[in-house]
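Before any comments, here is the structure.
Every chain is numbered from 1 and lettered A, B, ... according to where its sequence line falls, protein lines coming before strand lines. Quantities reported herein were computed from a predicted structural model and do not represent experimental measurements.
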Number of protein chains: 2
Amino acid sequence: MTTEPLIEHIKQQVDPRPEDLHLFTSKFREVVVTKGKFLLQPDTHVKHEYFVVKGCLSAYYLDKKGNKSIVQFAIENWWLGDFDAFYNGVPSKLYIEALEDSTLLAINYNDLQTLFQQSPIFERYFRILVTSAFISLRKRILSSLGKSIKERYLEFCESYPNIEGRVPNYQIASYLGVSPEGLSRARRKMKALKKS
Amino acid sequence: MTTEPLIEHIKQQVDPRPEDLHLFTSKFREVVVTKGKFLLQPDTHVKHEYFVVKGCLSAYYLDKKGNKSIVQFAIENWWLGDFDAFYNGVPSKLYIEALEDSTLLAINYNDLQTLFQQSPIFERYFRILVTSAFISLRKRILSSLGKSIKERYLEFCESYPNIEGRVPNYQIASYLGVSPEGLSRARRKMKALKKS
DNA sequence: CAATATGATTGACTTAAATCAATTAGGATT
DNA sequence: AATCCTAATTGATTTAAGTCAATCATATTG
(Lines give C-alpha, C1' and ligand atoms only; values in the text may rest on other atoms or scores of the structure.)
Protein backbone atom coordinates (compact mmCIF):
# COMPACT_ATOMS: atom_id res chain seq x y z
CA MET A 1 0.00 0.00 0.00
CA THR A 2 1.42 3.34 -1.06
CA THR A 3 0.58 6.30 1.13
CA GLU A 4 3.19 8.53 -0.51
CA PRO A 5 0.79 10.75 -2.49
CA LEU A 6 -1.27 11.38 0.63
CA ILE A 7 1.79 12.25 2.70
CA GLU A 8 2.92 14.64 -0.01
CA HIS A 9 -0.49 16.24 -0.04
CA ILE A 10 -0.42 16.74 3.70
CA LYS A 11 3.03 18.27 3.62
CA GLN A 12 1.83 20.83 1.13
CA GLN A 13 -0.67 22.14 3.66
CA VAL A 14 0.82 21.59 7.11
CA ASP A 15 4.08 20.60 8.74
CA PRO A 16 3.53 17.33 10.59
CA ARG A 17 6.10 15.63 12.79
CA PRO A 18 7.25 12.16 11.69
CA GLU A 19 5.30 10.56 14.52
CA ASP A 20 2.12 12.33 13.39
CA LEU A 21 2.58 10.94 9.91
CA HIS A 22 3.28 7.48 11.22
CA LEU A 23 0.10 7.56 13.26
CA PHE A 24 -1.83 8.96 10.35
CA THR A 25 -0.83 6.44 7.72
CA SER A 26 -1.45 3.56 10.09
CA LYS A 27 -5.17 4.41 10.00
CA PHE A 28 -5.67 3.92 6.28
CA ARG A 29 -6.49 0.92 4.21
CA GLU A 30 -6.30 0.62 0.45
CA VAL A 31 -9.43 0.26 -1.65
CA VAL A 32 -9.52 -0.66 -5.34
CA VAL A 33 -12.54 0.00 -7.53
CA THR A 34 -12.62 -1.05 -11.16
CA LYS A 35 -14.17 1.07 -13.89
CA GLY A 36 -17.96 1.16 -13.74
CA LYS A 37 -18.10 -0.22 -10.20
CA PHE A 38 -19.38 1.66 -7.18
CA LEU A 39 -17.46 2.84 -4.16
CA LEU A 40 -20.68 3.95 -2.55
CA GLN A 41 -24.39 3.53 -3.16
CA PRO A 42 -27.45 5.12 -1.52
CA ASP A 43 -29.00 3.93 1.70
CA THR A 44 -25.77 2.72 3.20
CA HIS A 45 -24.12 3.76 6.40
CA VAL A 46 -21.05 5.72 5.36
CA LYS A 47 -18.06 4.75 7.44
CA HIS A 48 -15.19 6.13 5.35
CA GLU A 49 -13.67 9.11 3.65
CA TYR A 50 -11.42 8.51 0.67
CA PHE A 51 -8.27 9.93 -0.83
CA VAL A 52 -7.70 9.17 -4.51
CA VAL A 53 -4.24 7.72 -5.19
CA LYS A 54 -4.96 6.79 -8.80
CA GLY A 55 -7.94 6.94 -11.11
CA CYS A 56 -11.04 9.00 -11.64
CA LEU A 57 -14.46 8.86 -10.02
CA SER A 58 -17.72 10.77 -9.98
CA ALA A 59 -20.15 11.38 -7.13
CA TYR A 60 -23.76 11.97 -8.06
CA TYR A 61 -27.37 12.00 -6.96
CA LEU A 62 -30.33 10.54 -8.81
CA ASP A 63 -33.71 12.21 -8.31
CA LYS A 64 -37.09 10.43 -8.53
CA LYS A 65 -37.27 11.02 -12.28
CA GLY A 66 -33.85 9.41 -12.74
CA ASN A 67 -32.03 12.65 -13.51
CA LYS A 68 -28.39 12.44 -12.60
CA SER A 69 -26.62 15.39 -10.99
CA ILE A 70 -22.90 15.03 -10.60
CA VAL A 71 -21.73 16.90 -7.51
CA GLN A 72 -18.05 16.06 -7.80
CA PHE A 73 -15.38 14.52 -9.93
CA ALA A 74 -12.30 13.24 -8.17
CA ILE A 75 -8.89 12.42 -9.59
CA GLU A 76 -5.46 11.91 -8.07
CA ASN A 77 -4.93 13.77 -4.77
CA TRP A 78 -8.58 14.61 -4.23
CA TRP A 79 -10.62 13.72 -1.19
CA LEU A 80 -13.97 12.15 -1.84
CA GLY A 81 -16.91 10.96 0.15
CA ASP A 82 -20.44 11.66 1.29
CA PHE A 83 -19.53 14.21 3.92
CA ASP A 84 -23.10 14.70 5.03
CA ALA A 85 -23.61 11.01 5.70
CA PHE A 86 -20.13 10.62 7.14
CA TYR A 87 -20.28 13.47 9.65
CA ASN A 88 -23.98 13.51 10.44
CA GLY A 89 -24.62 9.78 10.48
CA VAL A 90 -27.55 10.04 8.07
CA PRO A 91 -28.04 7.39 5.35
CA SER A 92 -26.18 8.18 2.16
CA LYS A 93 -28.06 9.37 -0.91
CA LEU A 94 -24.95 9.49 -3.04
CA TYR A 95 -23.53 7.25 -5.72
CA ILE A 96 -19.77 7.19 -6.13
CA GLU A 97 -18.77 5.44 -9.32
CA ALA A 98 -15.34 4.77 -10.79
CA LEU A 99 -14.92 6.28 -14.25
CA GLU A 100 -11.53 4.57 -14.46
CA ASP A 101 -9.89 1.76 -12.51
CA SER A 102 -9.08 3.53 -9.27
CA THR A 103 -7.05 3.10 -6.11
CA LEU A 104 -8.04 4.95 -2.95
CA LEU A 105 -7.02 5.22 0.67
CA ALA A 106 -9.85 4.97 3.18
CA ILE A 107 -10.08 6.14 6.77
CA ASN A 108 -13.04 5.40 8.99
CA TYR A 109 -14.91 7.76 11.27
CA ASN A 110 -13.63 6.57 14.64
CA ASP A 111 -10.04 6.46 13.48
CA LEU A 112 -10.35 9.99 12.17
CA GLN A 113 -11.79 11.27 15.43
CA THR A 114 -9.03 9.56 17.40
CA LEU A 115 -6.50 11.06 15.06
CA PHE A 116 -7.88 14.56 15.63
CA GLN A 117 -7.50 14.05 19.37
CA GLN A 118 -4.00 12.66 19.19
CA SER A 119 -2.58 14.94 16.49
CA PRO A 120 -4.34 18.29 16.22
CA ILE A 121 -2.19 19.04 13.20
CA PHE A 122 -4.68 16.96 11.19
CA GLU A 123 -7.53 19.01 12.49
CA ARG A 124 -5.71 21.86 10.83
CA TYR A 125 -5.08 19.87 7.66
CA PHE A 126 -8.75 19.09 7.26
CA ARG A 127 -9.82 22.60 8.19
CA ILE A 128 -7.64 23.97 5.41
CA LEU A 129 -8.88 21.37 2.93
CA VAL A 130 -12.53 21.93 3.66
CA THR A 131 -12.12 25.69 3.60
CA SER A 132 -10.65 25.61 0.13
CA ALA A 133 -13.32 23.14 -0.99
CA PHE A 134 -15.90 25.56 0.38
CA ILE A 135 -14.38 28.43 -1.56
CA SER A 136 -14.43 26.35 -4.74
CA LEU A 137 -18.07 25.48 -4.21
CA ARG A 138 -18.92 29.15 -3.82
CA LYS A 139 -17.36 29.78 -7.19
CA ARG A 140 -19.35 26.96 -8.65
CA ILE A 141 -22.58 28.31 -7.19
CA LEU A 142 -21.78 31.65 -8.71
CA SER A 143 -21.12 30.01 -12.03
CA SER A 144 -24.39 28.10 -11.97
CA LEU A 145 -26.45 31.19 -11.15
CA GLY A 146 -27.44 33.01 -14.28
CA LYS A 147 -24.49 32.11 -16.49
CA SER A 148 -24.84 30.65 -19.96
CA ILE A 149 -23.76 27.13 -20.85
CA LYS A 150 -20.76 28.48 -22.71
CA GLU A 151 -19.57 30.54 -19.76
CA ARG A 152 -20.02 27.66 -17.37
CA TYR A 153 -18.16 25.26 -19.61
CA LEU A 154 -15.27 27.69 -19.99
CA GLU A 155 -15.04 28.17 -16.24
CA PHE A 156 -15.11 24.43 -15.76
CA CYS A 157 -12.25 23.89 -18.21
CA GLU A 158 -10.29 26.62 -16.51
CA SER A 159 -10.89 25.27 -13.01
CA TYR A 160 -10.37 21.61 -13.84
CA PRO A 161 -8.09 21.35 -16.87
CA ASN A 162 -7.11 17.85 -15.77
CA ILE A 163 -10.66 16.59 -15.83
CA GLU A 164 -11.83 18.03 -19.14
CA GLY A 165 -10.51 15.51 -21.67
CA ARG A 166 -10.44 12.72 -19.15
CA VAL A 167 -14.16 12.25 -18.66
CA PRO A 168 -16.79 12.14 -21.43
CA ASN A 169 -18.64 15.34 -22.23
CA TYR A 170 -22.02 14.04 -21.17
CA GLN A 171 -20.62 13.63 -17.68
CA ILE A 172 -19.38 17.19 -17.71
CA ALA A 173 -22.83 18.26 -18.90
CA SER A 174 -24.33 16.51 -15.90
CA TYR A 175 -21.86 18.27 -13.61
CA LEU A 176 -22.80 21.63 -15.10
CA GLY A 177 -26.49 20.85 -14.92
CA VAL A 178 -27.08 21.10 -18.66
CA SER A 179 -28.11 18.62 -21.33
CA PRO A 180 -25.43 16.83 -23.39
CA GLU A 181 -26.96 18.37 -26.52
CA GLY A 182 -26.74 21.83 -24.99
CA LEU A 183 -23.10 21.36 -24.13
CA SER A 184 -22.35 20.04 -27.60
CA ARG A 185 -23.90 23.11 -29.20
CA ALA A 186 -22.02 25.44 -26.88
CA ARG A 187 -18.76 23.72 -27.79
CA ARG A 188 -19.50 24.04 -31.48
CA LYS A 189 -20.10 27.77 -31.14
CA MET A 190 -16.81 28.12 -29.27
CA LYS A 191 -14.91 26.36 -32.05
CA ALA A 192 -16.49 28.65 -34.63
CA LEU A 193 -15.33 31.64 -32.61
CA LYS A 194 -11.80 30.36 -32.23
CA LYS A 195 -11.32 30.04 -35.99
CA SER A 196 -12.29 33.63 -36.70
CA MET B 1 -19.41 44.48 23.76
CA THR B 2 -21.39 41.29 24.09
CA THR B 3 -19.64 38.09 23.06
CA GLU B 4 -22.27 35.88 24.67
CA PRO B 5 -23.94 34.65 21.46
CA LEU B 6 -20.57 33.69 20.03
CA ILE B 7 -19.55 31.82 23.17
CA GLU B 8 -22.85 29.97 23.11
CA HIS B 9 -22.29 29.07 19.49
CA ILE B 10 -18.84 27.70 20.23
CA LYS B 11 -20.09 25.64 23.13
CA GLN B 12 -22.61 23.98 20.88
CA GLN B 13 -19.80 22.62 18.73
CA VAL B 14 -16.83 22.06 21.01
CA ASP B 15 -15.95 22.02 24.68
CA PRO B 16 -13.46 24.82 25.32
CA ARG B 17 -11.71 25.47 28.62
CA PRO B 18 -12.41 28.82 30.28
CA GLU B 19 -8.93 30.06 29.39
CA ASP B 20 -9.51 29.20 25.74
CA LEU B 21 -12.66 31.26 25.76
CA HIS B 22 -10.98 34.13 27.49
CA LEU B 23 -8.23 34.17 24.91
CA PHE B 24 -10.76 33.85 22.11
CA THR B 25 -13.05 36.70 23.09
CA SER B 26 -10.10 39.01 23.67
CA LYS B 27 -9.39 38.89 19.94
CA PHE B 28 -12.70 40.31 18.79
CA ARG B 29 -13.93 43.81 18.27
CA GLU B 30 -17.47 44.94 17.72
CA VAL B 31 -18.61 46.35 14.38
CA VAL B 32 -21.90 48.09 13.71
CA VAL B 33 -23.35 48.52 10.23
CA THR B 34 -26.57 50.38 9.61
CA LYS B 35 -29.15 49.29 7.07
CA GLY B 36 -28.04 49.88 3.50
CA LYS B 37 -24.39 50.39 4.44
CA PHE B 38 -21.55 48.11 3.43
CA LEU B 39 -19.39 45.95 5.62
CA LEU B 40 -17.23 45.09 2.64
CA GLN B 41 -16.77 46.29 -0.91
CA PRO B 42 -14.72 44.96 -3.84
CA ASP B 43 -11.05 45.63 -4.34
CA THR B 44 -10.25 45.85 -0.69
CA HIS B 45 -7.83 43.80 1.32
CA VAL B 46 -9.96 41.62 3.57
CA LYS B 47 -8.58 41.51 7.07
CA HIS B 48 -11.55 40.16 9.04
CA GLU B 49 -14.09 37.44 9.42
CA TYR B 50 -17.39 38.30 11.07
CA PHE B 51 -19.89 36.71 13.41
CA VAL B 52 -23.39 38.19 13.35
CA VAL B 53 -24.66 39.11 16.82
CA LYS B 54 -27.72 40.96 15.58
CA GLY B 55 -29.17 41.89 12.21
CA CYS B 56 -29.27 40.61 8.68
CA LEU B 57 -26.81 40.99 5.81
CA SER B 58 -26.28 39.76 2.29
CA ALA B 59 -23.08 38.95 0.45
CA TYR B 60 -23.13 39.26 -3.32
CA TYR B 61 -21.17 39.65 -6.50
CA LEU B 62 -21.90 42.00 -9.39
CA ASP B 63 -20.86 40.91 -12.87
CA LYS B 64 -19.88 43.27 -15.69
CA LYS B 65 -23.50 43.61 -16.80
CA GLY B 66 -24.51 44.63 -13.28
CA ASN B 67 -26.29 41.39 -12.47
CA LYS B 68 -26.33 40.71 -8.77
CA SER B 69 -25.79 37.20 -7.44
CA ILE B 70 -26.32 36.77 -3.75
CA VAL B 71 -24.03 34.06 -2.41
CA GLN B 72 -25.10 34.26 1.20
CA PHE B 73 -27.53 35.74 3.65
CA ALA B 74 -26.42 35.99 7.25
CA ILE B 75 -28.49 36.49 10.35
CA GLU B 76 -27.83 35.99 14.06
CA ASN B 77 -25.20 33.35 14.84
CA TRP B 78 -23.89 33.09 11.28
CA TRP B 79 -20.33 33.60 10.21
CA LEU B 80 -19.79 35.85 7.26
CA GLY B 81 -16.91 37.06 5.17
CA ASP B 82 -15.06 36.79 1.91
CA PHE B 83 -13.27 33.57 2.73
CA ASP B 84 -11.40 33.50 -0.54
CA ALA B 85 -9.93 36.96 -0.01
CA PHE B 86 -9.39 36.36 3.69
CA TYR B 87 -7.51 33.07 3.41
CA ASN B 88 -5.82 33.51 0.06
CA GLY B 89 -4.94 37.16 0.31
CA VAL B 90 -6.51 38.03 -3.03
CA PRO B 91 -8.49 41.27 -3.46
CA SER B 92 -12.13 40.93 -2.56
CA LYS B 93 -14.77 40.87 -5.28
CA LEU B 94 -17.60 40.69 -2.80
CA TYR B 95 -20.11 43.19 -1.50
CA ILE B 96 -21.45 42.65 1.99
CA GLU B 97 -24.41 44.88 2.69
CA ALA B 98 -26.56 45.25 5.78
CA LEU B 99 -30.23 44.53 5.09
CA GLU B 100 -31.00 45.60 8.66
CA ASP B 101 -29.06 47.53 11.28
CA SER B 102 -26.51 44.93 12.33
CA THR B 103 -23.97 44.24 15.03
CA LEU B 104 -21.05 41.92 14.34
CA LEU B 105 -17.93 40.62 15.99
CA ALA B 106 -14.77 40.80 13.91
CA ILE B 107 -11.52 38.89 14.17
CA ASN B 108 -8.50 39.61 12.02
CA TYR B 109 -6.30 37.17 10.19
CA ASN B 110 -3.22 37.28 12.38
CA ASP B 111 -5.21 37.00 15.57
CA LEU B 112 -7.04 34.00 14.18
CA GLN B 113 -3.80 32.28 13.19
CA THR B 114 -2.33 32.94 16.62
CA LEU B 115 -5.48 31.60 18.19
CA PHE B 116 -5.22 28.38 16.19
CA GLN B 117 -1.66 27.93 17.46
CA GLN B 118 -2.49 28.64 21.05
CA SER B 119 -5.83 26.86 21.31
CA PRO B 120 -6.24 24.02 18.81
CA ILE B 121 -9.81 23.64 20.03
CA PHE B 122 -10.69 26.54 17.74
CA GLU B 123 -9.07 24.80 14.85
CA ARG B 124 -11.65 22.13 15.54
CA TYR B 125 -14.47 24.65 15.94
CA PHE B 126 -13.76 26.15 12.54
CA ARG B 127 -13.24 22.78 10.91
CA ILE B 128 -16.69 21.72 12.07
CA LEU B 129 -18.25 25.00 10.97
CA VAL B 130 -16.72 24.97 7.54
CA THR B 131 -17.57 21.31 7.04
CA SER B 132 -21.23 21.94 7.70
CA ALA B 133 -21.15 25.04 5.52
CA PHE B 134 -19.63 22.89 2.79
CA ILE B 135 -22.38 20.31 3.15
CA SER B 136 -25.02 23.05 2.91
CA LEU B 137 -23.42 24.44 -0.21
CA ARG B 138 -23.49 21.00 -1.81
CA LYS B 139 -27.20 20.88 -1.19
CA ARG B 140 -27.57 24.29 -2.73
CA ILE B 141 -25.59 23.26 -5.80
CA LEU B 142 -27.83 20.27 -6.14
CA SER B 143 -30.86 22.49 -5.85
CA SER B 144 -29.60 24.91 -8.48
CA LEU B 145 -28.85 22.15 -10.99
CA GLY B 146 -31.88 21.32 -13.02
CA LYS B 147 -34.58 22.15 -10.50
CA SER B 148 -37.51 24.43 -11.24
CA ILE B 149 -38.02 27.80 -9.57
CA LYS B 150 -40.80 26.39 -7.44
CA GLU B 151 -38.69 23.52 -6.16
CA ARG B 152 -35.78 25.80 -5.41
CA TYR B 153 -37.95 28.27 -3.57
CA LEU B 154 -39.50 25.51 -1.49
CA GLU B 155 -36.09 24.14 -0.58
CA PHE B 156 -34.93 27.61 0.35
CA CYS B 157 -37.90 28.18 2.65
CA GLU B 158 -37.29 24.81 4.23
CA SER B 159 -33.58 25.39 4.73
CA TYR B 160 -33.83 28.98 5.91
CA PRO B 161 -37.25 29.52 7.48
CA ASN B 162 -35.83 32.43 9.47
CA ILE B 163 -34.73 34.30 6.39
CA GLU B 164 -37.83 33.93 4.24
CA GLY B 165 -40.11 36.68 5.54
CA ARG B 166 -37.23 38.76 6.81
CA VAL B 167 -35.73 39.75 3.47
CA PRO B 168 -37.67 40.96 0.42
CA ASN B 169 -38.53 38.46 -2.27
CA TYR B 170 -36.40 40.07 -4.93
CA GLN B 171 -33.38 39.38 -2.75
CA ILE B 172 -34.39 35.76 -2.43
CA ALA B 173 -34.81 35.64 -6.21
CA SER B 174 -31.26 36.88 -6.57
CA TYR B 175 -30.05 34.22 -4.14
CA LEU B 176 -31.83 31.54 -6.14
CA GLY B 177 -30.55 32.92 -9.42
CA VAL B 178 -34.00 33.66 -10.84
CA SER B 179 -35.82 36.85 -11.79
CA PRO B 180 -38.15 38.55 -9.28
CA GLU B 181 -40.99 38.09 -11.77
CA GLY B 182 -40.21 34.40 -12.06
CA LEU B 183 -40.26 33.96 -8.30
CA SER B 184 -43.50 35.88 -8.03
CA ARG B 185 -45.17 33.61 -10.58
CA ALA B 186 -43.86 30.50 -8.83
CA ARG B 187 -45.25 31.74 -5.54
CA ARG B 188 -48.64 32.42 -7.09
CA LYS B 189 -48.83 28.89 -8.48
CA MET B 190 -47.97 27.52 -5.06
CA LYS B 191 -50.78 29.49 -3.42
CA ALA B 192 -53.24 28.20 -6.02
CA LEU B 193 -52.17 24.65 -5.20
CA LYS B 194 -52.52 25.13 -1.46
CA LYS B 195 -56.15 26.22 -1.74
CA SER B 196 -57.25 23.18 -3.71
C1' DC C 1 -54.62 63.39 3.00
C1' DA C 2 -51.93 63.62 -1.06
C1' DA C 3 -47.47 62.41 -2.60
C1' DT C 4 -43.69 59.40 -2.94
C1' DA C 5 -40.99 55.37 -2.85
C1' DT C 6 -40.39 50.53 -2.61
C1' DG C 7 -41.59 46.02 -3.58
C1' DA C 8 -44.82 42.68 -5.73
C1' DT C 9 -47.59 41.30 -9.36
C1' DT C 10 -49.35 40.81 -14.01
C1' DG C 11 -49.39 40.64 -19.11
C1' DA C 12 -47.12 40.33 -23.65
C1' DC C 13 -43.31 38.89 -25.89
C1' DT C 14 -38.66 36.81 -26.55
C1' DT C 15 -35.08 33.67 -25.84
C1' DA C 16 -32.04 30.14 -24.08
C1' DA C 17 -31.98 25.73 -23.32
C1' DA C 18 -34.53 21.18 -22.83
C1' DT C 19 -36.52 17.43 -25.19
C1' DC C 20 -37.19 14.12 -28.77
C1' DA C 21 -35.60 11.71 -32.67
C1' DA C 22 -32.27 10.67 -35.93
C1' DT C 23 -27.63 10.54 -37.65
C1' DT C 24 -22.72 10.49 -37.38
C1' DA C 25 -18.09 9.55 -35.42
C1' DG C 26 -14.80 6.87 -33.11
C1' DG C 27 -13.07 3.01 -30.67
C1' DA C 28 -13.10 -1.66 -29.54
C1' DT C 29 -13.69 -6.53 -30.72
C1' DT C 30 -13.84 -10.26 -33.46
C1' DA D 1 -12.92 -4.92 -42.92
C1' DA D 2 -17.37 -5.68 -40.66
C1' DT D 3 -19.83 -5.33 -36.55
C1' DC D 4 -20.91 -3.32 -32.12
C1' DC D 5 -21.18 0.01 -28.79
C1' DT D 6 -20.77 4.27 -26.86
C1' DA D 7 -20.50 9.09 -27.25
C1' DA D 8 -21.24 13.20 -29.86
C1' DT D 9 -23.64 15.83 -32.98
C1' DT D 10 -27.46 17.80 -35.56
C1' DG D 11 -32.25 19.23 -36.66
C1' DA D 12 -37.01 20.19 -35.31
C1' DT D 13 -39.94 21.37 -31.76
C1' DT D 14 -41.40 22.60 -27.11
C1' DT D 15 -41.04 24.81 -22.80
C1' DA D 16 -39.49 27.23 -18.80
C1' DA D 17 -37.97 31.26 -17.55
C1' DG D 18 -36.13 35.94 -18.79
C1' DT D 19 -37.11 40.64 -20.28
C1' DC D 20 -39.72 44.74 -20.77
C1' DA D 21 -43.39 47.64 -19.49
C1' DA D 22 -47.21 48.69 -16.85
C1' DT D 23 -49.96 48.38 -12.81
C1' DC D 24 -51.01 47.47 -8.07
C1' DA D 25 -50.11 47.30 -2.94
C1' DT D 26 -48.13 49.05 0.95
C1' DA D 27 -45.77 51.80 3.84
C1' DT D 28 -43.62 56.28 4.75
C1' DT D 29 -43.35 61.09 4.82
C1' DG D 30 -44.27 66.02 4.15
Gap between atoms CZ and C1', on B:Arg187 and C:dA8 respectively (whole Å): 8 Å
Touch class at under 4.0 angstrom, heavy-atom based, for A:Gly146 against every strand present: nothing
Aromatic plane relationship, B:His48 with B:Tyr50 - under 30° parallel, 30 to 60° tilted, over 60° perpendicular: tilted
Rounded distance (Å) that lies between atom C1' of C:dT10 and atom CZ of B:Arg188: 6 Å
Ion pair A:Lys139/B:Asp84, N-O distance below 4.0 Å: yes
Integer-rounded Å distance: C:dA16 P and A:Glu151 CD: 12 Å
C:dG7 OP1/OP2 closer than 4.0 Å to side-chain N/O of B:Asn169: no
Charged tip of A:Arg127 within 45° of B:Tyr125 ring normal and under 6.0 Å: no
Nucleotide C:dG7, atom C1' - distance to CD of B:Glu181 in whole Å: 12 Å
Check: B:Asp20 side chain, B:Arg17 main-chain N or O, donor-acceptor pair, under 3.5 Å: yes
Chain B footprint on DNA chain D, 5' to 3' - any atom under 4.0 Å from a heavy atom: D:dA17 to D:dA21
Sugar-phosphate only, base, or nothing, as touched by A:Leu183 at under 4.0 Å among non-hydrogen atoms: nothing
Which nucleotides of DNA chain C pair, in dot-bracket form (Watson-Crick or G-U under 3.5 Å, | meaning another strand): ||||||||||||||||||||||||||||||
Aromatic ring proximity, centroids under 6.0 angstrom, A:Trp78 and A:Phe51: no
Salt bridge A:Lys147-A:Glu155, side-chain N to carboxylate O under 4.0 Å: yes
Residues A:Glu30 and A:Lys54 bridged, charged N to O under 4.0 Å: no
d(NZ, A:Lys35; C1', C:dG27) in whole Å: 11 Å
B:Arg185, nearest nucleotide to its side chain (from C:dT9, C:dT19, C:dA12): C:dA12
Atom-pair distance (CD1 on B:Ile149; C1' on C:dA18), nearest Å: 15 Å
Between side-chain atoms of residues 170-181 of chain A and protein atoms elsewhere (two or more places apart, or another chain), which donor-acceptor pairs fall under 3.5 Å?
{"from": "A:Ser174", "atom 1": "OG", "to": "A:Lys68", "atom 2": "O", "distance (Å)": "3.2"}
{"from": "A:Ser174", "atom 1": "OG", "to": "A:Ile70", "atom 2": "N", "distance (Å)": "3.4"}
{"from": "A:Ser179", "atom 1": "OG", "to": "A:Gly182", "atom 2": "N", "distance (Å)": "3.0"}

Salt-bridge contact B:Glu151-A:Lys64 (side-chain N to carboxylate O under 4.0 Å): no
